[in-house]
Number of protein chains: 2
Amino acid sequence: MERTRVIDTDELLSIRAAELYYEENKTQDEIGTLLRLTRWKVGRLLAQAKASGFIRIEIVHPRARRLSVERRLREATGLTDAIVVSSAGVAGDEELQSRTAQAAADYLTGLRPVPRTLGISWGRTLHEVALHLKQGWAHGVNVVQINGGVSLNRRAGTAAATAVNIAHKAAGAATLLPSPAILERFETKQAIESDRAVAAVLNLATAASAYLFSAGQADENSALVDSGYLTVEQVAELVRKGAVGDIVGRYIDSNGNIVDPELDGRTVGIQLEQLRQAKTAIAVIAGGSKHAIARAIVGSGLCTVLVTDEDTALAILGDEA
Amino acid sequence: MERTRVIDTDELLSIRAAELYYEENKTQDEIGTLLRLTRWKVGRLLAQAKASGFIRIEIVHPRARRLSVERRLREATGLTDAIVVSSAGVAGDEELQSRTAQAAADYLTGLRPVPRTLGISWGRTLHEVALHLKQGWAHGVNVVQINGGVSLNRRAGTAAATAVNIAHKAAGAATLLPSPAILERFETKQAIESDRAVAAVLNLATAASAYLFSAGQADENSALVDSGYLTVEQVAELVRKGAVGDIVGRYIDSNGNIVDPELDGRTVGIQLEQLRQAKTAIAVIAGGSKHAIARAIVGSGLCTVLVTDEDTALAILGDEA
DNA sequence: TGGAATCTTGCTCATCTGAGCACTCGGGCG
DNA sequence: CGCCCGAGTGCTCAGATGAGCAAGATTCCA
């Protein structure tokens, strides 16, 4: 850090002017009189202060978005859309996730054309999105699960509840995928996928007009560990192989490639290619621990729309302070 | 914290409008078109957003001041003047103290009428103020020390150097107080004060046209402990008696009263009454550990001007977050 | 030193914005 | 049932502001 940078006279003046303008809300004219300057000079000083980044304007509100970051994200990544919620004045990740989920609900509500069928994953984040959706957010949107999710040891049904909740609030029907997320043997997975009930759902999922999903980080707090599908050791092993997180139950590395094909072969749900080719694939990702997976998803074209928080967005753009 | 507060439609709209206005700098007209509102409605929404405190404008610069806080401080305390430097984007106390010292130097430079004789204390803060003063900051200001300060075990002379430095840069003379800050016996203190050389300096100090001083917190990091005048235990005892810090070597409680008259009787320097009656008494106080002493000084009228940092100022005003 | 190139300054003018005012709409009350 | 009151809306108008321009100041070489 450059402690002994010379501060030129105009810079100081521009700060004095800014104080009077923004804190005391005097007019440029009045400031001119006070500082013995013409009002044009004052205007220029103010412009200079802004340009130098000395004036920071923040919108402090849970629903505030960062439009400039959204624009940069769209331009840098080619995303169709990017929604970035402000992290100004946020305490912890929990608040961040709540804000992001709210924004996702807003986005979904405003999405045009309204999807006839919406494919969704499950998890903490999606659950919260469902909560934030308003009754009647759409009319006749059917919801289909895109990856297996009957929880093994948690109170069952959160995954199902999310889908039902979203569908119910849109006066539509929910189609559940009656299968575990990961099976122990490849053969079992093949068998269950060829079962008529399951196959029908997967077909529906493949044909969905839009997808909404979140992602999990690759560490001991992963939802898949929590649900009992994987052990902490298994996740650690995946990380050793380069995993940064999972998306619809499939672990990927920072390039968006499947980390462990054998494990992936035992995972029930749509293929990542489905998401890559989808017209509308909305990823909802928030929190400091998900920067890496968010980056991987956006970087490898796994979503067309990203809903996230400011910090994650900046991490993706690569300009963290 | 109220998590489930209802956010009315206008509030949300005002946030959207603010995003477009402040982040995308669109005109109110354009925003009106985008949001399907008249431009007057947009203006009102923006005004509402400001009034609700959703728009936060900060001036991020080491020399930035907080004029609104200064005004509140003046009004609440009856200070003649208050200088409050912004703590926006500051790492630690060190930076805060540097900024404050700089501001004090600026204030001193602009002080009118220019004091003929300036009485100063000594310490880290005053030393830094001296450094920040520019050569020729005034013409012919004489400096006199107002409290004893020959350091016992530090490299001697910082106290003297401060005085000489300030005087030199103002083309004036420095008068040093050749005495320890605190003596071991009352009789010795009386003797030294009646010595012609010392008495003359004290007379000069009493007649100074302005005073500039800092204050120390009452804990093991106090400058008086550092200099060897007091032990950690003695300070702890003073704290037990209510001391919040020292000013010109004298420990006071939160009401501005001398905590230990016996100790005070052995302390060489002008009396606090001198400061209370002075036309111009500038206190320079910065840092989180000095909130209490700053409050005591301002509250008991020991200064007419306070130069401090934003956090300390807010602590004095009693509206810390 | 001269003169060209650049920066700075003061200004005009068009635009943006806030204050104030008249009007409308909706609900409560006689 | 009609009237009144207050909130909210659209408008006028004047003050505030930014863009652009020409004249003056400054710098930098030759």
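Residue numbering restarts at 1 for every chain, and letters A, B, ... go by the order of the sequence lines.
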Under the side chain to side chain contact (heavy atoms under 4.5 Å, CB included) test, residues paired with Ile57(B) that sit two or more places apart:
Tyr22(A), Ile55(A), Ile57(A), Ile55(B)
Identify, with sequence neighbours excluded, every residue that meets side chain to side chain donor-acceptor pair (under 3.5 Å) alongside Arg124(A).
Gln97(A)
Under the salt bridge (Lys or Arg N to Asp or Glu O under 4.0 Å) rule, what pairs show up with a residue in residues 58-69 of chain B, not counting sequence neighbours?
Glu23(A)-Arg66(B), Arg56(A)-Glu58(B), Arg63(B)-Asp106(B), Arg65(B)-Glu70(B), Arg66(B)-Glu310(B)
Chain A on DNA chain D: first and last contacting nucleotide, 5' to 3', under 4.0 Å to a heavy atom?
dA16(D) to dG20(D)
Below 4.0 angstrom, which residues in residues 13-31 of chain B have at least one non-hydrogen atom near DNA chain C?
Tyr21(B), Thr27(B), Gln28(B)
Applied to residues 27-52 of chain A, the side chain to side chain donor-acceptor pair (under 3.5 Å) test, sequence neighbours excluded, yields Asp10(A)-Lys41(A)
Specify the residues of residues 33-40 of chain A, ordered by number, for which at least one heavy atom lies under 4.0 angstrom from an atom of DNA chain C.
Thr38(A), Trp40(A)
With sugar-phosphate taken as primed atoms, P, OP1 and OP2 and all else as base, the protein-contact string of nucleotides 21-26 of chain C at under 4.0 Å (heavy atoms; B, S, -) is ------
Side chain to side chain contact (heavy atoms under 4.5 Å, CB included) with Ala292(B): which residues, sequence neighbours excluded?
Val244(B)
Kindly write out the residues that satisfy salt bridge (charged side-chain N to carboxylate O under 4.0 Å, His left out) with Glu75(B), not counting sequence neighbours, or none if the list is empty.
none
Sequence-distant partners of Thr162(A), side chain to side chain contact (heavy atoms under 4.5 Å, CB included), two or more places apart:
Ile120(A), Leu126(A), His127(A), Ala130(A), Ile166(A)
Ala64(B): what forms a side chain to side chain contact (heavy atoms under 4.5 Å, CB included) with it, not counting sequence neighbours?
Ile15(A), Glu19(A), Ile59(B), His61(B), Ser86(B)
